[in-house]
Amino acid sequence: MYAEFLFFAFLAVTFSVALASDPSSLEDFCVADATSSVLVNGRVCKDPKLVEANEFFFSGLHLASNTSNAVGSRVTSVGVAQIGGLNALGITTARIDFATWGLNPPHTHPRATEILTVLEGSLKVGFVTSNTENRLITKVLRKGDVFVFPVGLVHFQQNVGNGNAVALVALSSQNPGVITIANAVFGSNPDIPADILAKAFQMGTNAIYSLQSKF
């Protein structure tokens, strides 16, 4: 009898969660709109009766971005700032363009797992597991290959082909966040004291000052 009760309780909870998470009508969406006063996820919501198709639409990911920068890559993000209808739906996408040997430097997404698909070229990708193992999981991907970077872990992508490379990614948050490790450590404002970084990285303070001057 107790087992039957648990089974039916489980069904009831599952059914209620499914109903709560299923955006079956516009009332379940929260399209970001600066003219409204209703807040969801820190963003105001538009009256569902006034929602239009363009608020669920973005155009331009077929266009290559300029990769003439220090790292040779460029990320074109499509999140809630670009598509208001993404608000509260928990997903983001982006295109990453790589010049030859271009790098998307080690970084983390504190609020999202990332799944990457190579559209053109070859990428060396990897992530590092958490302390204390800190194991590097890495693989070379080619056109059509898919790779997953678990939420919060430091990861990177590098073009290892002879030409440009392109990848499309999806992230499991409308606001995944990004922390580029070098920028955060050596480009903080104000600077992290050089003696702290020198001890952490086992380097001289002059080397730390040099790195901080680059960021």
Side-chain angles (χ1 to χ4, degrees), residues 42 64-81 92-118 120-142 145-215:
S65 294
N66 187 346
T67 57
S68 58
N69 53 51
V71 295
S73 72
R74 180 81 63 182
V75 178
T76 303
S77 297
V78 184
V80 69
T92 300
T93 190
R95 170 181 171 137
I96 312 176
D97 288 281
F98 299 85
T100 303
W101 292 104
L103 172 70
N104 190 11
H107 62 281
T108 73
H109 301 292
R111 295 179 292 276
T113 290
E114 174 181 339
I115 184 167
L116 175 147
T117 303
V118 179
E120 296 292 342
S122 300
L123 295 177
K124 184 175 185 177
V125 304
F127 64 84
V128 180
T129 63
S130 55
N131 292 355
T132 56
E133 187 180 26
N134 293 322
R135 187 160 66 100
L136 175 63
I137 309 294
T138 186
K139 189 171 181 62
V140 173
L141 308 180
R142 293 179 172 79
D145 290 346
V146 177
F147 197 83
V148 174
F149 305 97
V151 58
L153 296 185
V154 175
H155 59 282
F156 64 87
Q157 302 102 23
Q158 182 182 34
N159 183 3
V160 293
N162 295 320
N164 294 342
V166 181
L168 187 68
V169 304
L171 301 109
S172 60
S173 170
Q174 67 169 27
N175 184 22
V178 59
I179 301 170
T180 304
I181 306 305
N183 296 50
V185 172
F186 299 109
S188 66
N189 185 20
D191 288 341
I192 298 174
D195 63 313
I196 291 176
L197 295 182
K199 189 167 186 177
F201 287 93
Q202 298 295 289
M203 299 169 61
T205 54
N206 286 337
I208 296 298
Y209 288 135
S210 177
L211 286 168
Q212 288 178 326
S213 71
K214 298 179 187 300
F215 293 91

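Here, residue 1 is the first one in the sequence, and each next residue gets the next number.
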For this session: Tell me, please, which residues at least two apart from R95 pass salt bridge (charged side-chain N to carboxylate O under 4.0 Å, His left out).
Result: D97
For this session: Go through the structure and list residues passing side-chain contact (heavy atoms from CB on, under 4.5 Å) with V169, not counting sequence neighbours.
Result: A94, I96, E114, L116, L171
For this session: Might you point out which heavy atoms bring G121 and A165 nearest each other, and give the distance in Å?
Result: CA-CB, 4.2 Å
For this session: Decide yes or no for E120 and N164: does some side-chain heavy atom of the first lie under 4.5 Å from some side-chain heavy atom of the second?
Result: no
Problem set entry | Shortest non-hydrogen contact from T108 toward I181 | CG2-CD1, 4.1 Å
Problem set entry | Interatomic distance, N104 atom CG to T180 atom OG1 [nearest 0.5 angstrom] | 7.5 Å
Problem set entry | Pairs satisfying ring-ring contact (aromatic ring centres under 6.0 Å, His included), at least one member in residues 159-198, at least two apart | F186-F201
Exercise. ring-ring contact (aromatic ring centres under 6.0 Å, His included): which pairs involve residues 148-175, sequence neighbours left out?
Worked result: H107-H155, H109-H155, F147-F149, F149-H155
Exercise. Where do T138 and V125 come nearest, in terms of heavy atoms and distance?
Worked result: OG1-O, 2.7 Å
Seminar exercise, completed: Minimal heavy-atom distance between G187 and F215, with the atoms involved, is CA-CB, 3.7 Å
Problem set entry | T76: side chain to side chain donor-acceptor pair (under 3.5 Å) partners, not counting sequence neighbours | S65
Seminar exercise, completed: Closest heavy-atom pair, F127 versus V148, reported as atoms and distance to 0.1 Å, is CE2-O, 3.7 Å
Exercise. Quick one: CG on D145 to NZ on K139, what's the gap to the nearest 0.5 Å?
Worked result: 7.5 Å
Problem set entry | For A184 against I179, the heavy-atom pair lying closest together | CB-CG2, 3.9 Å
Exercise. Would you say the side-chain atoms of N159 pair up with the backbone N or O of G163, donor to acceptor, closer than 3.5 Å?
Worked result: yes
Problem set entry | Pairs satisfying side-chain hydrogen bond (donor to acceptor under 3.5 Å, both in side chains), at least one member in residues 126-137, at least two apart | N131-N134, E133-R135
For this session: Using a cut-off of 6.0 Å, state whether more than 12 heavy atoms not belonging to D195 lie near its atom CG.
Result: yes
Exercise. OG/S210 to CD1/I208 distance, rounded to the nearest 0.5 angstrom?
Worked result: 9.5 Å
Problem set entry | Check: I192 main-chain N/O paired with Q212 side-chain donor or acceptor under 3.5 Å | yes
For this session: State the CZ-CG distance between R74 and N66, to the nearest 0.5 angstrom.
Result: 6.0 Å
Exercise. Does L103 offer a backbone N or O that forms a donor-acceptor pair with the side chain of S73 under 3.5 Å?
Worked result: yes
